[in-house]
Asker: 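First the structure, then my questions, so here it is.
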There are 2 protein chains.
Amino acid sequence: MTILRSTRLADGTARGIPDATVARLPVYLRALNALAEQGVLSCASNELAEQAGVNPAKLRKDLSYLGSYGTRGVGYDVEYLRYQIAREMGQTQDWDVVIVGVGNLGSALSAYQGFSTRGIRVAALVDADPQRVGTVVSGIVVSPLDTLDTLVSERQISIGVIATPAPAAQEVADRLVAAGITSILNFAPAIVQVPEGVDVRKVDLSIELQILAYHEQRKASADTSATSKATSKTTSKVVSA
Amino acid sequence: MTILRSTRLADGTARGIPDATVARLPVYLRALNALAEQGVLSCASNELAEQAGVNPAKLRKDLSYLGSYGTRGVGYDVEYLRYQIAREMGQTQDWDVVIVGVGNLGSALSAYQGFSTRGIRVAALVDADPQRVGTVVSGIVVSPLDTLDTLVSERQISIGVIATPAPAAQEVADRLVAAGITSILNFAPAIVQVPEGVDVRKVDLSIELQILAYHEQRKASADTSATSKATSKTTSKVVSA
DNA sequence: AAGAGTTTGTGAACGTGTTAACAAAATCGA
DNA sequence: TCGATTTTGTTAACACGTTCACAAACTCTT
């Protein structure tokens, strides 16, 4: 095999892993951790795929973008594969995040237990409200919004989380970018504009529920137009997020 | 035009609106609300698309699945389009949700201001912890997990939100399904298995941050392998969630 | 009434993501 | 060693999503 695939460069470094695959790798990682905790040493793509809730072929294709880490006729070594995915995802190091906005959501996020085991560390909390500045939330002192620049550069923070009300989101995003942040997770129900080279992911709680409501409505109208008894026979699929 | 498109049935009812479109309609709705508040009566696809952060062609195609609600050479009537999308999304009625798990995240969700204006109403809170049962969170008395059946049927609740730790997620999902719920929003970091006909959407906070960390890592390694000064010239795109 | 200027709605090309199917590569028993 | 069995890695077909580009349909000016 001398022909280079488009996902690999000449140096063998994996490149251009599809976005859809990148979004699933953490799911596989979590499934592998669960298996490792159960003492499972090796597993086939079928088992792992079921744990992760995906099609086995999809799982194998996803893994093939990273390299050939399985053994034909055998399966995958749980620990080895776990390490390889973790390395690809950058989890061999810890990533420090700053949470901007320490309201209900910001507080919940800073208390979230799941981060530490996934290479995520809440390194700083920031709020614009003087009443909140100085208070301790989840063991971290809340800093004023003005100190964002200093915090980011001093503590090598690379990811910012916006957990403010919608009207403040754009200004916070601007400040994060000005401070040198190039990855933002936005929980505020607003679209933020950022310069080229900055990644923004958006999580919108209302929208998730609105999407479910839409499907619920469709199911309801399908039930009434068909036999109203056949509630469990509707064939709508599970919608992944 | 007598030929039926695949997205329309003989009765003219819109069907099979693409998932990607459904996920964006609430965004358009929010953009339209923002415009309406500014007193804008009419707008072109260009303006609305910019507000919503999407390509204008995509916006027009999305809207075309609902019908022809614009006027060529003019644009869209803000109020009229707002109503049409709201109707399609089922927002002419309120949707009642039950939140299971009143920890940090569950409390934050129940206090979330954005739901009420989007046709979402938190109708009940449920927790397995006897210490939490009976307490009042955001004005709602927390009920015991056992009463789920009664709550759901009495209050016509159609959507369930799982905000429990991961180990409890599957059992909660089973109980929600047993109570007749067919739409679930899962915040627990676990894959839940549900029967055919039940929709599950998953929001995973760690995974969102892990995806950002991956892109951050790629940006960092691209910078070191290229000129280390050219930080702002990287051409990575904004990653939508 | 006609022409210039807008802006929608959509066909068609393109790109990305999913999945079935199978050859290649491993194990295992005889 | 050989054949049977298992399971990966990958190809190729398909489905889905995006975007360009343009005719159709509207307004406005003259």
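Quick note on labels: first sequence line is chain A, next is B, and so on, each numbered from 1. Keep in mind that what you see is a predicted model, and the values were worked out from it rather than measured.
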Asker: Distance only, no hydrogens: is a donor on one side chain within 3.5 Å (strictly under) of an acceptor on the other, for Ser45(B) and Arg60(B)?
Answerer: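 A donor-acceptor contact under 3.5 Å links the two side chains.
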
Asker: Please tell me which of the listed nucleotides, dT7(D), dG17(C), dT27(D), lies nearest to the side chain of Pro18(A)?
Answerer: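 Selected nucleotide: dG17(C).
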
Asker: Please determine whether a side-chain nitrogen or oxygen atom of Tyr76(A) lies at a distance below 4.0 Å from atom OP1 or OP2 of dG9(D).
Answerer: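 For dG9(D), OP1 or OP2 has a side-chain N or O of Tyr76(A) closer than 4.0 Å.
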
Asker: Roughly how many Å is it from CZ in Arg24(B) to C1' in dT18(D), rounded to a whole number?
Answerer: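 One finds 8 Å between C1' of dT18(D) and CZ of Arg24(B), rounded.
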
Asker: For residues Gln170(A) and Asp174(A), is any side-chain donor paired with an opposing acceptor at under 3.5 Å?
Answerer: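 There is such a pair between these side chains.
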
Asker: Would you please say whether a donor-acceptor pair under 3.5 Å links the side chains of Asp77(B) and Ser42(B)?
Answerer: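 The answer is no; no qualifying pair exists.
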
Asker: Nearest to the side chain of Val74(B), which nucleotide is it out of dA25(C), dG9(C), dT27(D)?
Answerer: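 My answer, after comparing the listed nucleotides, is dT27(D).
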
Asker: Output the single nucleotide from dT8(D), dC26(D), dA26(C) whose closest atom is nearest the side chain of Thr71(A).
Answerer: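 Selected nucleotide (nearest to the side chain): dA26(C).
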
Asker: Mind checking ring pair (Phe, Tyr, Trp, His ring centres under 6.0 Å) for Tyr83(A) and listing every partner two or more places apart, or none if nothing turns up?
Answerer: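 Checked Tyr83(A) against ring pair (Phe, Tyr, Trp, His ring centres under 6.0 Å); zero matches.
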
Asker: Looking only at side chains, do Ser183(B) and Glu216(A) share a donor and an acceptor under 3.5 Å apart?
Answerer: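 Yes, Glu216(A) and Ser183(B) have a side-chain donor paired with an acceptor closer than 3.5 Å.
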
Asker: Under a 4.0 Å heavy-atom cut-off, which of residues 27-61 of chain A touch DNA chain C?
Answerer: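 Heavy-atom cutoff 4.0 Å gives Asn55(A), Ala57(A), Lys58(A), Arg60(A), Lys61(A).
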
Asker: When the distance from OH of Tyr65(A) to P of dT10(D) is rounded to whole Å, what number comes out?
Answerer: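 Going from OH in Tyr65(A) over to P in dT10(D) covers 11 Å.
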
Asker: Identify whether the distance between the nearest side-chain nitrogen and carboxylate oxygen of Asp204(A) and Arg30(B) falls below 4.0 Å.
Answerer: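 A salt bridge is present here (some side-chain N lies under 4.0 Å from a carboxylate O).
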
